[in-house]
Amino acid sequence: MKGTGRCTLWNVDARAFLALIAFTVIVPLSHAASLSKEGLARVQREIESNWLHPFDLVGSQPITITAKIHLNRKGAIEGTPEIAGSGAPASELKSAILSIRRALNRSAPFQLQEEEYDNWKVITLTFQLSTEP
């Protein structure tokens, strides 16, 4: 899908068994057309740099987290992001959702073109998290 990026992060803490974590941010087509490639890349880099792998994510199944965020003209998150997930037991899912919420909060405000505000005032991001041995 156009506008989709993939970043692999290493968690160097031995308690995490040095698991390779695949972290992918996917923007649905309806938003990919609105958010420029440059804007998407900037948002993705910010979130990836602020995301920390929860230690209790140990399953081999990919976890999908969807976050709908409302942004003000300065790129700050307005209200509480709507975050939901699937693909893991409840405890792992809760940890994954909390890790995404923290990454979003640490990343904002996003540096986006204010004149294109109507195109990015609401963004739905889908995160694919998986562990690979």
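Here Lys121 pairs with Asp118 under the salt bridge (charged side-chain N to carboxylate O under 4.0 Å, His left out) rule; sequence neighbours left out. With sequence neighbours left out, the side chain to side chain donor-acceptor pair (under 3.5 Å) criterion links Thr66 to no other residue. Under the side chain to side chain contact (heavy atoms under 4.5 Å, CB included) criterion, Ser107 pairs with Glu46, Ile47, Asn50, Phe110, not counting sequence neighbours. Residues satisfying the salt bridge (charged side-chain N to carboxylate O under 4.0 Å, His left out) test with Glu38, not counting sequence neighbours, are Arg42.
Linking Ile, Leu, Val, Met, Phe, Trp and Tyr residues whenever their side-chain heavy atoms come within less than 4.5 Å leaves Leu98 and Leu129 in two separate clusters.
Separating the CG atom in Asn119 from the CD atom in Gln113 is a distance of 11.0 Å, to the nearest 0.5 Å. To the nearest 0.5 Å, atoms CH2 (Trp51) and CD (Gln44) are separated by 13.0 Å. Here Ile123 contributes atom CD1 and Leu112 contributes atom CG; the two are 6.0 Å apart, rounded to the nearest 0.5 Å. Atom CG of Asn72 is separated from atom CD of Glu114 by 9.0 Å, given to the nearest 0.5 angstrom. The structure places NZ of Lys94 at 13.0 Å from OG of Ser99, a figure rounded to the nearest 0.5 Å.
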Show me, pair by pair, the donor-acceptor contacts under 3.5 angstrom made by side chains of residues 73-90, not counting sequence neighbours?
none

